[in-house]
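Data block below; observations after.
Hydrogens, waters and symmetry mates play no part in the numbers below; they use all other heavy atoms, side chains included.
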Amino acid sequence: MTQTEKLKTVKKDLRSIDIEGSLFSGQCFRWDYLRNGKQIYFGVIDDNIFIIKKAKQTSYTITTSKNFSHDEAFHEFMNNYFCLDIDPNELFPVEFSERYPGIWKLIKPYLGLKILRQNAFETLITFMCAQGLGMKIIRRQISYLAKEYGEQYTVPLEGKPFIYYGFPSPETLAGTNPESLRLCTNNNCIRAKNIIDAAKSVASGVLDLECLKDPEMPLETARKRLCAHSGIGYKIADCILLFGLHRFSAFPIDTHVRQYLASWFSVGDALQTLTQKNYLFLQDQALRLLKPEFAGFAGHILFHSWRKEIKHLTTY
DNA sequence: CTCCAGGACACTT
DNA sequence: AAGTGTCATGGA
């Protein structure tokens, strides 16, 4: 199905946000940018197409395919998506900058990095695709997934029609089969099956993602619910909690996190294998270094800084 | 050919 | 409960 929609443009001052870092730090794989040097980013949030164009130093013009009722509603939406209600100055403990001046100097330029309040189902599937793979391949999988199973939209971008794909619904993914879906999961049939099973759980209501957002539910309980599904371990579950369920205390630990914990904070041993016990130990140590309520948020800033400043990774 | 990429899981102790 | 080997796939 193709639909052409009219675009509406709103100006917004996003000076406090590191847009590029937020969109391309590995918390989402659906945003893209025009590869012509211009700072134009585009992506889909809940079937609404967003085009973010840098206008001046601090202001951006944002174009959407679906209209908001008024500008205030638009701003409210953006503030929520980009987490502007969370003060970056509150993310780290007050004593952090004095205890780790060298690290603080490195991460300071990245304090504008935001955790995005993304769609829960999209994040669930995205990070199920992330198991043991590089970001480039993860991105490709998600791209294929949307292209194959998502709804198609055409909107004008820079004067030319541009084709976007929405993220497939739980029902759509639940209705496919592993042999078809494996084309979108790096040829991995097991992963395809796991994704279909998870989509079925969400579609049938067995897995209620919304209730996992409820702060009243302990983080451990929410993680346990996610881990009950095949293909989701602690790490993936924590990613889903942090990036898709707005749980800023969830602290996912991967190879990069392990590296910076060892190198920057002398926590654990980078050579030690990441067993469940070790995972929980490292997580506990991280909660001591950081503010427990924002451990994951701050951790993502550290993660991004580590990848950029130390490992010099340009792929995302 | 080897190693790595934002791991998960079954199978021994 | 905790540790260890295996699985799975494409890209560098």
Side-chain angles (χ1 to χ4, degrees), chain A residues 21-31 110 113 115-116 118 122-145 178-179 181-198 220 223-245 247 250-264 268-284 286 295-316:
Chain A
S22 303
L23 300 181
F24 304 108
S25 57
Q27 62 175 310
C28 60
F29 300 93
R30 292 271 290 146
W31 283 89
Y110 297 100
L113 184 69
I115 295 293
L116 306 175
Q118 302 182 84
E122 188 174 319
T123 310
L124 169 73
I125 303 302
T126 297
F127 280 93
M128 288 186 77
C129 288
Q131 182 200 49
L133 296 176
M135 289 197 185
K136 196 174 176 183
I137 294 180
I138 298 170
R139 178 174 290 275
R140 191 177 63 186
Q141 291 178 86
I142 303 304
S143 166
Y144 285 172
L145 210 57
E179 289 71 30
L181 190 63
R182 70 183 299 175
L183 299 172
C184 308
T185 56
N186 208 37
N187 265 327
N188 190 322
C189 207
I190 298 171
R191 180 173 302 149
K193 185 187 181 307
N194 288 340
I195 286 174
I196 292 168
D197 287 346
E220 297 302 318
R223 180 162 69 180
K224 203 175 284 183
R225 294 267 177 92
L226 290 170
C227 288
H229 297 77
S230 186
I232 303 179
Y234 280 170
K235 193 275 173 179
I236 301 294
D238 283 333
C239 283
I240 298 166
L241 287 164
L242 176 61
F243 301 128
L245 297 170
R247 297 281 200 146
F251 190 90
I253 296 171
D254 69 345
T255 51
H256 297 109
V257 175
R258 222 162 23 133
Q259 286 168 27
Y260 80 62
L261 282 177
S263 172
W264 282 350
D269 181 356
L271 298 174
Q272 211 170 352
T273 52
L274 197 53
T275 62
Q276 276 201 358
K277 186 189 174 188
N278 199 5
Y279 187 97
L280 294 175
F281 169 76
L282 293 177
Q283 208 163 50
D284 185 59
F297 202 131
H300 191 59
I301 292 177
L302 290 165
F303 169 84
H304 187 55
S305 309
W306 174 262
R307 282 174 52 86
K308 294 274 279 187
E309 297 295 323
I310 307 298
K311 300 200 81 178
H312 304 291
L313 289 173
T314 50
T315 58
Y316 51 82

- Using a distance-only test with no angle check, is there a side-chain donor-acceptor pair under 3.5 angstrom linking A:Asn186 and A:Arg140? yes
Which atoms of nucleotides 9-12 of chain C (N or O only) lie under 3.5 Å from a protein N or O atom, and what are those distances?
residue	atom	partner	partner atom	Å
C:dT9	OP1	A:Asn187	O	2.9
C:dT9	O3'	A:Asn186	O	3.3
C:dG10	OP1	A:Asn187	ND2	2.7
C:dG11	OP1	A:Arg140	NH1	2.9

- Separation of B:dA8 atom C1' from A:Leu226 atom CG, nearest Å, is 15 Å
- Item | Contacts of A:Gln283 that satisfy side-chain hydrogen bond (donor to acceptor under 3.5 Å, both in side chains) - sequence neighbours left out | A:Arg223, A:Asp238
- Query: Can you name the closest pair of heavy atoms from A:Ile253 and A:Leu274 and give their distance?
  - Reply: O-CD2, 3.8 Å
- Task: Measure from CE on A:Met128 to P on C:dA8 and round the result to the nearest Å.
- Result: 16 Å
- Query: Under 3.5 Å, is there a donor-acceptor pair linking the side chains of A:Gln131 and A:Lys235?
  - Reply: no
Provide a list of protein-nucleic acid N or O atom pairs under 3.5 angstrom, restricted to nucleotides 1-3 of chain B.
none

- Task: Would you indicate whether the side-chain heavy atoms of A:Ile195 and A:Thr185 approach each other to under 4.5 Å?
- Result: yes
Could you list, one pair per line, each protein nitrogen or oxygen that sits under 3.5 Å from a nitrogen or oxygen of nucleotides 1-5 of chain C, together with the distance?
none

- Query: CD1/A:Ile125 to CD1/A:Ile196 distance, rounded to the nearest 0.5 angstrom?
  - Reply: 9.5 Å
- Note on the structure: CD (A:Gln118) and CG (A:Leu242) are apart, to the nearest 0.5 Å, by 9.5 Å
- Item | Straight-line distance of A:Lys308 NZ to A:Tyr110 OH, nearest 0.5 Å | 5.0 Å
- Rounded to the nearest angstrom, tell me the gap between atom CZ in A:Phe303 and atom P in B:dA5. 11 Å
- Distance in Å, A:Phe127 CZ paired with A:Cys239 SG, rounded so as to fall on 0.5 Å steps: 4.5 Å
- side chain to side chain contact (heavy atoms under 4.5 Å, CB included) with A:Tyr260: which residues, sequence neighbours excluded? A:Phe251, A:Val257, A:Trp264, A:Phe265, A:Leu302, A:Phe303, A:Trp306
- Message: Once you apply a heavy-atom cut-off of 4.0 Å, does A:His304 come out as touching a base, just sugar-phosphate, or nothing?
- Response: nothing
Shorter than 3.5 Å, N or O on both sides, protein versus nucleotides 9-13 of chain B: list them out with atom names.
residue	atom	partner	partner atom	Å
B:dC9	OP1	A:Gly231	N	2.4

- So do A:Arg258 and A:Tyr279 actually touch side chain to side chain, heavy atoms under 4.5 Å? no
- Message: Mind checking if A:Ile236 touches a base, just sugar-phosphate, or nothing, with heavy atoms under 4.0 Å?
- Response: sugar-phosphate
- Query: Under the salt bridge (charged side-chain N to carboxylate O under 4.0 Å, His left out) criterion, do A:Lys193 and A:Asp197 qualify, and how do the steps go?
  - Reply: CA-CA 6 Å; A:Lys193 185 187 181 307; A:Asp197 287 346; 2.8 Å; yes
- Rounded to the Å, how far apart are A:Leu274 CG and B:dA5 C1'? 14 Å
- Please examine the side chains of A:Asp284 and A:Leu280, heavy atoms only from C-beta on, and report whether any two atoms are closer than 4.5 Å. no
- Message: When the C1' atoms of B:dA5 and C:dG3 are compared, how many Å lie between them, rounded to an integer?
- Response: 24 Å
